[in-house]
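Predicted, not measured: the structure shown is a model, and the values here were computed from it.
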Protein chains: 4
Amino acid sequence: MNVRALPKHAVRGRGRPRSAECDTSIIEATLALLAEEGVPGLSMDALAARAGVGKATIYRRWPTKDALIVDALARLTDEPVHVSSTGTVRDDLVELAESVRRKGANSLASRIMPRLFAAGDNEELHRLYYERVIRPRRDRVAEVLRRGVASSELRADLDIEQTIDLLAGPIVYRTLVCSHHGVQLSRSYVESLVDTVLDGVRKR
Amino acid sequence: MNVRALPKHAVRGRGRPRSAECDTSIIEATLALLAEEGVPGLSMDALAARAGVGKATIYRRWPTKDALIVDALARLTDEPVHVSSTGTVRDDLVELAESVRRKGANSLASRIMPRLFAAGDNEELHRLYYERVIRPRRDRVAEVLRRGVASSELRADLDIEQTIDLLAGPIVYRTLVCSHHGVQLSRSYVESLVDTVLDGVRKR
Amino acid sequence: MNVRALPKHAVRGRGRPRSAECDTSIIEATLALLAEEGVPGLSMDALAARAGVGKATIYRRWPTKDALIVDALARLTDEPVHVSSTGTVRDDLVELAESVRRKGANSLASRIMPRLFAAGDNEELHRLYYERVIRPRRDRVAEVLRRGVASSELRADLDIEQTIDLLAGPIVYRTLVCSHHGVQLSRSYVESLVDTVLDGVRKR
Amino acid sequence: MNVRALPKHAVRGRGRPRSAECDTSIIEATLALLAEEGVPGLSMDALAARAGVGKATIYRRWPTKDALIVDALARLTDEPVHVSSTGTVRDDLVELAESVRRKGANSLASRIMPRLFAAGDNEELHRLYYERVIRPRRDRVAEVLRRGVASSELRADLDIEQTIDLLAGPIVYRTLVCSHHGVQLSRSYVESLVDTVLDGVRKR
DNA sequence: ACATAATCGAGACGGTACGTCCCGTCTTGTG
DNA sequence: CACAAGACGGGACGTACCGTCTCGATTATGT
């Protein structure tokens, strides 16, 4: 747990150790360039120049531009969501779903994240992103759901994984696929979403 | 309806007309290269060589590589989903959701689609993809949902758009974001998904 | 004969032909950069920028920087030496030897030539330089020597090739190896050299 | 006399003294790499690795790669030429010229020497090479020539420096410039050369 | 004996140049 | 006009070296 998103360092050997300042200046330059110029403007040359670093210094740490982006983005994502263990399950789910929405609404993250979702080409990168970013969040939702089952607020035969999909999927899908005309999701959408997942759409 | 994904042709003018053979050989070479080499292997030079075509001939038809990919992908996507107008709403929704799942399970489409979802950079491409691929499918689901409301199978205060998100979102999300270890969704997942959307997860 | 020092062109094919303007602008930029910055300042990037040309355009014509330098230098070397067919052999030899000295005294050529002499690594380049620059000059001297033998000015058992070495060798050797303290050879050195080769150093 | 080509050592001070083993292993690695990979293969990184030495250890001893090469080459060159002070001048000159030829015939030296002749760019290196390698050899020839003048074997008005050029120049020139198709000079060429210099080419 | 100080191997560092690949445009000759 | 071929200016790529700089460990010397 709490696995920090840092470049892998060589085994502590005999030579000069890698500079931690480089790590941070590269990550910061990455985020700055992404914010200012967008993904297409993030060339390794420009990045190295911006970070005041040789290109080799970057490649010594990250094998790929995408791997670097993952780490840089993880820095942005480290926003701990507070979930009360006393309120109703409904309120906790709203809060967790809200954190997904807010991340998607963040201009920088929402511009970069799709690139990572799209990293199906790069199996390793995709796995990394899932382990480091997606899974921890899913785990937190699963926890809340299990609490709901235990307290009989939710059905006992609940499929936990699928329910997580039902909470996160629509928000991600909307943000990525249907984000035309700059429409952004509101909090009320999220609240309504949670309620619908809880009660279903069938007439009763 | 049935808008074909073809390149815009010049107004019928004086000189030699554009060859239809070029259109097809380019599209076919695009799909072949994508299937064999993946997105990174689809360079315009390689494409032209593979199609036996000059690069200018491609640019004469499509302004962008992405536009070409959209058209090529649309070719793969033109699978009309049959929806009975007699069965239950539940069965129709299952059928429509299944078509989403099948598309995602297709190895080629699932490699290219993320790129299109991620096309947030390219506003125009994103709009094009939405108009040509996403919206028609959403419209069909909306139709079924409205029928369900009319027949009192579904709640009258239903948010149609959000319900579509609830049906498509989880599948897309799972396919793109959580598709680790090669796990693929099954038909039973889709059926269960539809049932959960209909009935909710709250204990009653 | 009269083999021009030009980059090899592809067989006249169907595509766009190579631009002659590029040839010249590249050669000119090469000579300019060499004159201004010297050999170490002749980077392919700087050259391309100076010539207003993409790097690929250079590599399309010359496989190596050295090959390019040979061609550029050949441009400088195309100075036809006038040899009277009426004067004495001694005067003709002085004139030919003088042209060797003058070339060595030329600041640009004398800076680059050694690099080519030193191209022993690159067998092909060395051969090229010999064929294109050295041999033609040796042939002209050989001609004069044969005339001298015919007219009984020179010994009949003369080793022509070695005599050429005796005329050119000392000048080249002095220029390259002993060119310390900026000392330059004078015309009188050349005249004295020819006379010594003719008469020998032995006391008589 | 017999100035050894060794790196300058720091004044005998307090800290750990420089290891003599490093000196030799670096020089040996230099010669080995030059022999195996040629000049372009002699990178400082490769050299350090081959010598089992840190790069700083090399730079602590030699300011430049070229300076190192000079020293390494001097090791190969320290072949004392024996010149009888009793034989004829002609025989002594043949022996000295032979040593020039043999050095040129040595595959390693002949690969490196041109680089040093061509060191016109690097004034300092060139001077160093001249002082350490060229001048001593010229001095020995000058000595023999002066003896010849004294003994009336040679003309009294002899230009000593130019005569040295006449003996060494042709051999060097042939070796460097005209060494095409792997032709190598023979001893008989050298003997004939000396005789021609002594007697001239003019018919008598 | 022990601190001092320069050495050692290792290798990271900021840079520069390399030669290749691709992009999107332009220029040929041939239908 | 369209077409195949392919050259063009430009930009980014990832690698190789350069010469300098830290590291921790080692090794003689002068106290």
Considering just the side-chain nitrogens and oxygens of [X], establish if one lies under 4.0 Å of OP1 or OP2 belonging to [N].
X     : N      : result
A/R14 : F/dG24 : no
C/S43 : E/dT16 : no
D/R61 : E/dC8  : yes
C/R60 : F/dC8  : yes
C/S19 : E/dT27 : no
C/K65 : E/dC18 : yes
B/R50 : F/dA4  : no

Original post:
Heavy atoms, side chains only, cut-off 4.5 Å: are A/R60 and A/C22 in contact?
Top reply: no
Subject >> Flag side-chain contact, heavy atom, 4.5 Å: B/R50 against B/S25 >> reply: no
Subject >> Among E/dT7, F/dG9, F/dA28, the one nearest D/P17 by side-chain distance >> reply: F/dA28
What is the distance, rounded to the nearest whole Å, between atom [atom1] of [X] and atom [atom2] of [N]?
X     : N      : atom1 : atom2 : value
B/E21 : F/dA2  : CD    : P     : 17 Å
C/M44 : F/dT15 : CE    : C1'   : 17 Å
A/R16 : F/dC23 : CZ    : C1'   : 9 Å
D/I58 : E/dG11 : CD1   : P     : 15 Å
B/L68 : E/dG24 : CG    : C1'   : 14 Å
A/D66 : F/dC13 : CG    : C1'   : 14 Å
B/L47 : E/dG24 : CG    : P     : 12 Å

Original post:
Using a cut-off of 4.0 Å on non-hydrogen atoms, how would the nucleic acid contact of C/A46 be classed: base, sugar-phosphate, or nothing?
Top reply: nothing
**OP:** Give A/A48 one of three labels, base, sugar-phosphate or nothing, depending on what nucleic acid heavy atoms sit under 4.0 Å from its own.
**Re:** nothing
Original post:
Start at the 5' end of DNA chain E and walk down; is the nucleotide closest to B/D45 or to D/G54 reached first?
Top reply: D/G54
Original post:
Given that C/Y59 and D/A49 both sit by DNA chain E, which one's nearest nucleotide is further toward the 5' end?
Top reply: D/A49
**OP:** Evaluate the side chain to side chain contact (heavy atoms under 4.5 Å, CB included) criterion for residues C/T30 and C/L34: first the C-alpha distance (whole Å), next the side-chain angles of each, then the deciding distance (0.1 Å), finally the verdict.
**Re:** CA-CA 6 Å; C/T30 301; C/L34 281 173; 4.0 Å; yes
Subject >> Over 12 non-hydrogen atoms of neighbours within 6.0 angstrom of CD in C/E36 >> reply: yes
**OP:** Given side chain to side chain contact (heavy atoms under 4.5 Å, CB included), test B/L42 with B/I69 step by step and report yes or no.
**Re:** CA-CA 10 Å; B/L42 185 71; B/I69 293 182; 3.9 Å; yes
Subject >> Residue whose nearest DNA chain F nucleotide is more 5′ - A/L42 or D/L42 >> reply: A/L42
**OP:** Keeping the roles fixed (side chain from C/T64, backbone from C/A67), state whether a donor-acceptor pair exists under 3.5 Å.
**Re:** no
Original post:
Any N or O donor-acceptor pair linking the side chain of A/K55 to the base of F/dG14 at under 3.5 Å?
Top reply: yes
